Amino acid sequence: METPRDIRKMIPTVKVVSSGCNMKCLYCYYHQEDQGKIKVISDEVLRKLVAETLAFSDLDPVQFTWHGGEPMLAGIGLYEKILLIEDELKGNKKIENHIQTNATLISKKWAKFFAQKDFKVGISIDGPEHVHNRCRLLKNGQGSFELVMLGLENLHAVGIQPGAIALVSKASIGQEEEIFDFFVNAGIKRFLLKPCYELSPGGEPTEFSVSSEEFSKFMINILEIWLEKDDPSISVRNLEQMMVGVVGGKPSLCEFSGHCWLCPKVEFDGSVGPCDSLSLQNYRFGNIVDSTWEELFQSEGFFQFLSGLKESESVCDGCEWLGSCYNRCSRYCSLGKNGNWSRNIFCNAKKEIFQKIKDAATDV
């Protein structure tokens with residue numbers, strides 16, 4: 001098996017505090033862990049990571065995504081250190097820093113820092129208060145909505161318009177118009193809607209998980225609302241990417257591009273594996289401290305990961321949408337299957353959404 005040709009366009013997702021978090025979201029796949037243990041990435045790992053990524057990446061600018069857990073728990077000092085290391089090592093290359101946060105810790109000081117240092121900020125918010133607070137809880141069991149909205153207000157005050165990731169849970173079903181209007185009215189005009197699907201310790205879907213049928217209906221309703229608004233400033237990212245596929249283009253979002261290998265995960269200790277949706281235990285590439293990216297992408301763990309991706313695609317032979325779907329997101333075709341890949345849990349939903357987009361394009 002060969003390493004993919006586009007591998008030098010990878011963007012590492014760096015878990016600067018591992019799974020450590022100041023929240024206890026009911027649907028988090030780290031929910032069973034002790035997220036109060038904050039393990040901050042070391043100077044050694046940071047320096048090696050930045051150096052190796054600058055040497056390997058073909059992107060202009062070279063990109064890093066700082067993630068968690070909750071990456072802001074590491075403190076502003078860590079990011080000041082990251083910027084110093086980047087400035088020291090980058091030479092003539094440009095660097096772009098992204099951070100994905102639950103937004104509860106975004107004070108005026110943090111917002112000013114992000115603005116001054118040109119960080120691209122993404123926040124996690126599920127919609128209006130009654131939807132968001134169903135699953136996105138603080139450790140004391142209270143909802144996090146008010147803190148998130150304060151963080152958003154602080155970002156807006158310094159001119160940052162963050163994108164958002166929202167999970168579609170049972171609390172979202174039937175609330176499509178309210179959720180859509182909430183995002184737009186809150187000044188969030190770029191958002192990605194992902195299905196919530198988690199398993200209980202007994203292997204059954206949790207009470208807040210959505211079925212393929214529910215997610216399909218939800219997204220088709222969102223699509224109709226979006227098309228009716230006819231506002232080019234509003235971006236529903238996953239629907240946009242599906243549209244690209246329908247008209248014969250090449251989607252860039254990992255879920256629809258099929259290029260899952262472009263989002264490797266780097267743990268706080270330097271351990272590297274596939275994206276955070278998949279287990280590091282099953283697909284360990286190695287460690288960035290004692291390896292180059294080229295070596296990591298030649299590792300047994302990496303090729304096992306590629307083999308799994310190929311296995312997952314094999315169930316889709318003959319599907320009209322294979323070239324715009326690839327049976328991804330990988331999480332939904334490996335979850336709860338003892339390491340065996342299968343058809344995506346939301347396969348039927350995606351087919352229905354693709355078809356609805358195709359029909360809408362035909363009607364124009």
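Keep in mind that this is a model prediction, so the values were computed, not measured.
A side-chain N or O of Glu96 and one of His98 form a donor-acceptor pair less than 3.5 Å apart. For Glu70 and Asn102, the side-chain atoms include at least one donor-acceptor pair closer than 3.5 Å. Side-chain atoms of Asn154 and Trp110 include no donor-acceptor pair closer than 3.5 Å. Inspection of the Thr13 and Asp276 side chains reveals no N or O donor paired with an N or O acceptor under 3.5 Å. With 3.5 Å as the limit, one finds a donor-acceptor pair spanning the side chains of Gln355 and Asp359.
Counting heavy atoms from C-beta outward, Leu152 and Ile188 have side chains that approach closer than 4.5 Å. His130 places a side-chain heavy atom less than 4.5 Å from the side chain of Glu178. Using a 4.5 Å heavy-atom cutoff, the side chains of Cys196 and Phe215 are not in contact. You'll find the side chain of Ile106 stays beyond 4.5 Å of the side chain of Lys108, heavy atoms only. Using a 4.5 Å heavy-atom threshold, the side chains of Glu300 and Arg284 count as separate. Here the side chains of His259 and Pro4 are not in contact, with every heavy-atom distance at 4.5 Å or above. Residues Ile222 and Phe180 are in side-chain contact: their nearest non-hydrogen atoms beyond the backbone lie under 4.5 Å apart. Annotation: side chain of Val40 is not in contact with side chain of Leu73 (no heavy-atom distance under 4.5 Å).
Using a 4.0 Å cut-off between charged nitrogen and carboxylate oxygen, Asp43 and Lys81 count as a salt-bridge pair. Ion pairing between Lys94 and Glu86 fails under the 4.0 Å rule for side-chain N and carboxylate O. Between Glu267 and Lys15 there is a salt bridge, since at least one side-chain N of the basic residue sits less than 4.0 Å from a carboxylate O of the acidic one. Between Lys358 and Glu320 there is a salt bridge, since at least one side-chain N of the basic residue sits less than 4.0 Å from a carboxylate O of the acidic one. Between Glu255 and Arg331 no salt bridge is recorded (no basic side-chain N to carboxylate O distance below 4.0 Å).
Nearest heavy-atom pair across Thr206 and Leu199 is CG2-C, 3.9 Å. Smallest separation of non-hydrogen atoms from Ile38 and Gly20: CD1-CA, 3.8 Å. The shortest non-hydrogen separation linking Ser124 to Gln100 is OG-NE2, 3.3 Å. For the residue pair Ile11 and Gln63, the shortest heavy atom distance occurs at CD1-OE1, 3.4 Å. Contact between Pro251 and Val244 at its shortest, heavy atoms only, is N-CG1, 3.7 Å. When all heavy atoms of Val246 and Trp321 are compared, the closest pair comes out as CG2-CZ3, 4.0 Å.
Within 6.0 Å of atom CD in Glu224, more than 12 heavy atoms from other residues, nucleotides or ligands are found, so the atom counts as buried in its surroundings. Within 6.0 Å of atom CD in Glu44, 12 or fewer heavy atoms from other residues, nucleotides or ligands are found, so the atom counts as exposed in its surroundings. Counting heavy-atom neighbours within 6.0 Å of Gln161 CD, excluding the residue itself, gives a total above 12. Environment of CD in Glu213: sparse, with no more than 12 heavy atoms of neighbouring residues, nucleotides or ligands closer than 6.0 Å. Around the NZ atom of Lys24, the shell of radius 6.0 Å holds more than 12 heavy atoms that belong to other residues, nucleotides or ligands. For Lys93, the NZ atom counts as densely surrounded, since its 6.0 Å shell holds more than 12 non-hydrogen atoms of other residues, nucleotides or ligands. Annotation: Asn140, atom CG; neighbour count of heavy atoms from other residues, nucleotides and ligands within 6.0 Å is above 12. Counted within 6.0 Å of CD on Glu295, heavy atoms from surrounding residues, nucleotides or ligands total more than 12; the atom is thus considered enclosed.
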Starting from the C-alpha separation in whole Å, work towards a yes-or-no answer on side-chain contact (heavy atoms from CB on, under 4.5 Å) for Cys260 and Leu309.
CA-CA 8 Å; Cys260 300; Leu309 296 180; 4.1 Å; yes
Evaluate Ser330 against Trp341 for side-chain contact (heavy atoms from CB on, under 4.5 Å), listing each step before the verdict.
CA-CA 9 Å; Ser330 302; Trp341 296 70; 3.7 Å; yes
After noting the C-alpha distance and the side-chain angles of Leu49 and Ile85, does the key distance pass the side-chain contact (heavy atoms from CB on, under 4.5 Å) rule?
CA-CA 10 Å; Leu49 168 66; Ile85 292 172; over 6 Å; no
Step by step, would you call Phe302 with Thr3 a side-chain contact (heavy atoms from CB on, under 4.5 Å)?
CA-CA 9 Å; Phe302 179 69; Thr3 303; 4.3 Å; yes
Does Ser235 form a side-chain hydrogen bond (donor to acceptor under 3.5 Å, both in side chains) with Glu240? I'd like the steps, not just the answer.
CA-CA 7 Å; Ser235 168; Glu240 278 186 346; 2.9 Å; yes
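The backbone N or O of Ser216 lies less than 3.5 Å from no partner atom in the side chain of Glu352, so there is not a single donor-acceptor pair. A donor-acceptor pair under 3.5 Å is formed between the side chain of Asn327 and the backbone N or O of Ser312. Side-chain atoms of Asn344 come within 3.5 Å of backbone N or O of Arg328 as a donor-acceptor pair. Between the side chain of Tyr27 and the backbone N or O of Leu167, no donor-acceptor pair lies under 3.5 Å.
Residue Thr101 holds its OG1 atom at 12.0 Å from CZ of Phe119, rounded to the nearest 0.5 Å. Taking CG of Leu150 as the reference point, atom CG of Leu155 lies at 10.0 Å (rounded to 0.5 Å). Of the inter-residue distances, the one linking Cys28 atom SG with Leu137 atom CG reads 11.5 Å to the nearest 0.5 angstrom. Once rounded to the nearest 0.5 Å, the distance linking OG of Ser291 with NZ of Lys48 reads 6.5 Å. Here the straight-line distance linking atom OG of Ser144 with atom NE2 of His132 works out to 3.0 Å at 0.5 Å rounding. Within the model, atoms CD of Glu198 and CZ of Phe208 stand 7.0 Å from one another, a figure rounded to the nearest 0.5 Å.
Note: Phe183 and Phe191 have parallel aromatic rings, judged against thresholds of 30 and 60 degrees for the angle between ring planes. Aromatic ring pairs are classed by plane angle as parallel below 30°, tilted from 30° to 60° and perpendicular above 60°; the pair Phe145 and Phe182 is tilted. Under the 30°/60° scheme for interplanar angles, the aromatic rings of Phe346 and Tyr197 are found to stand perpendicular. Ring pair Phe297/Phe56 is tilted by interplanar angle, where 30° to 60° counts as tilted.
Hydrophobic clustering, with ILVMFWY side chains joined whenever heavy atoms are under 4.5 angstrom apart, keeps Leu147 apart from Ile123. Residues Val210 and Ile179 are members of one and the same hydrophobic cluster, defined by side-chain heavy-atom contacts under 4.5 angstrom among Ile, Leu, Val, Met, Phe, Trp and Tyr. A single hydrophobic cluster is seen to contain both Ile160 and Ile76, as judged by linkage of ILVMFWY side chains at heavy-atom distances under 4.5 Å, directly or through other members. Residues Leu89 and Leu78 share a hydrophobic cluster, clusters being chains of Ile/Leu/Val/Met/Phe/Trp/Tyr side chains in contact below 4.5 Å. One hydrophobic cluster holds both Leu262 and Phe64 under the rule that ILVMFWY side chains link at heavy-atom gaps under 4.5 Å.
The side-chain contact (heavy atoms from CB on, under 4.5 Å) with Glu176 is formed by just one residue from the set Val168, Asn221, Leu223; it is Asn221.
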